[in-house]
Protein chains: 2
Amino acid sequence: MPQHKNHNPACCCRKIRGFGRRITPARHAVLDALSARGEHLTAEEVFKAASRHYPDIGLATIYRTLELFTKFGMVNKFDTGDDKARYEFADGPGAKGHHHHLVCTSCRRIVDYNDFINEETELLRRTEEGLANKYGFKINTHILQFYGLCKDCAK
Amino acid sequence: MPQHKNHNPACCCRKIRGFGRRITPARHAVLDALSARGEHLTAEEVFKAASRHYPDIGLATIYRTLELFTKFGMVNKFDTGDDKARYEFADGPGAKGHHHHLVCTSCRRIVDYNDFINEETELLRRTEEGLANKYGFKINTHILQFYGLCKDCAK
DNA sequence: ATACAATTGAGAACAATTCTCAATTATGCC
DNA sequence: GGCATAATTGAGAATTGTTCTCAATTGTAT
Ligand SMILES: [Zn+2]
Ligand SMILES: [Zn+2]
Ligand SMILES: [Zn+2]
Ligand SMILES: [Zn+2]
């Protein structure tokens, strides 16, 4: 039976149900793992975290669940240049709202920043509009990331 | 012996030599493949293109060479959400200069755009500066991409 | 409680990329 | 031009992250 550890069960469950899907312990475990720390976890890391509370969970289920939640907009999937996908909680209480990332290419530390976000958002909105018109695209998302070395890694 | 097909051999060769590396037919073939079309090729596509002029080339060499050129800043490596890396000629005659991408998530068409680039560049520069100060990062690059559906794929 | 479809875990399969290693080759020096 | 030497290569094996397959289990509507 579900444990409702860290995420808001009412909200998440309602959403899952809303898409005609079932509530299962595996899905709770994944939501808990992601919402617990608000970090940017790889599938493997979600697997380890979820296994702690629900030892029978399988890695394939982790991937399937993350894919499902991403499709529902409950989770953001992104990439930071190594070749593992990362996931973060995107929606509901505990989520961080739209933001961009600052990534250390050495230790893979990821900083969520909100500085300049208003200015950025405004420019991106205008750019999006202009590109949509000029190139006939229906634009859905964007990704903006800065790469560099964090203080520790810069020596 | 090198064929100097499409890229500027003087420029590229000087650069490779400058890093203490050797000029080889395989490296020429990769440069030719990339500079020929100015497109955003996967390793497999570079392999096919390079094989046409130099049939003995191996896929491992393609990967090694692309990695090397990326390290030298002669090539940009990036990702568009499927899980193949893409490469484009970044430097020397025929290169396109710094730009951002508009990506169709259905057919993977990639548009290089330069519209708004000045405004973008200016904001990104300021953001970079602010982030570097606030979070103690030494920032090297950024990536900005818009994702959506191109005219054809939007039906 | 029952029936049915959705979901699951385990492991096999897959695809992109990297590694290993012996054979080849570009380069600097004579 | 040859020679020596270390860099580079091709082929295939190995690795890694992710997806697929399938029989067994489980959530949900009735
Ligand atoms: Zn770091
Ligand atoms: Zn984040
Ligand atoms: Zn398209
Ligand atoms: Zn481009």
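Throughout, protein chains are lettered first and strands after them, A, B, ... in sequence-line order, and every chain is numbered starting at 1.
A residue-by-residue look at B/D83 and B/R64 shows that B/R64 has its nearest nucleotide of DNA chain D further toward the 5' end. The 5' end of DNA chain C is approached more closely, in terms of each residue's nearest nucleotide, by A/L68 than by the other of A/L68 and A/P55. Toward the 5′ end of DNA chain C lies the nearest nucleotide of B/R86, the other residue of the pair B/R22 and B/R86 mapping further downstream.
Put simply, CG on B/L59 is 18 Å from P on D/dT15, counting in whole angstrom units. The CD atom of B/E67 sits 12 Å away from the P atom of C/dT17 (whole-angstrom rounding). For the pair B/K84 NZ and C/dT17 P, the computed distance is 9 Å after rounding to whole Å. In this structure, the CG atom of B/D82 is 14 Å from the C1' atom of C/dT17, given to the nearest Å. One can place CZ of B/F19 at 18 Å from C1' of D/dT8, the figure rounded to the nearest angstrom. For the pair A/R27 CZ and C/dA6 P, the computed distance is 11 Å after rounding to whole Å. Taking atom NZ on B/K48 and atom C1' on C/dA16, their separation rounds to 13 Å, with Å as the unit. One can place CD1 of A/I62 at 10 Å from P of C/dT8, the figure rounded to the nearest angstrom.
Checking the phosphate oxygens (OP1, OP2) of C/dT25, no side-chain nitrogen or oxygen of B/T24 falls inside 4.0 Å. Put simply, A/Y63 has no side-chain N or O that comes within less than 4.0 Å of OP1 or OP2 on D/dT19. Look at B/R17 and you'll find a side-chain N or O under 4.0 angstrom from OP1 or OP2 of C/dT27. Taking only side-chain nitrogens and oxygens, A/Y54 comes nearer than 4.0 Å to OP1 or OP2 of C/dG9. Distances shorter than 4.0 Å separate none of the side-chain N or O atoms of A/R21 from OP1 or OP2 on D/dT28.
Taking the six-membered ring where the residue is Trp, the centroids of A/H142 and B/H100 are separated by 6.0 Å or more.
Judged by distance alone, the side chains of B/D112 and B/H40 do bring a donor and an acceptor atom under 3.5 Å apart. In this model, no donor atom of one side chain and acceptor atom of the other lie less than 3.5 Å apart for B/H99 and B/N114.
Residues B/Y113 and B/E120 come closest through the heavy atom pair OH-OE2, 2.7 Å.
Note on B/A60: a base of the nucleic acid sits closer than 4.0 angstrom, heavy atoms only.
Side-chain proximity of A/T61 to D/dT8, C/dT8, D/dT9: nearest is C/dT8.
With respect to B/R86 and B/D79, no salt bridge is recorded, no charged nitrogen being found less than 4.0 Å from a carboxylate O.
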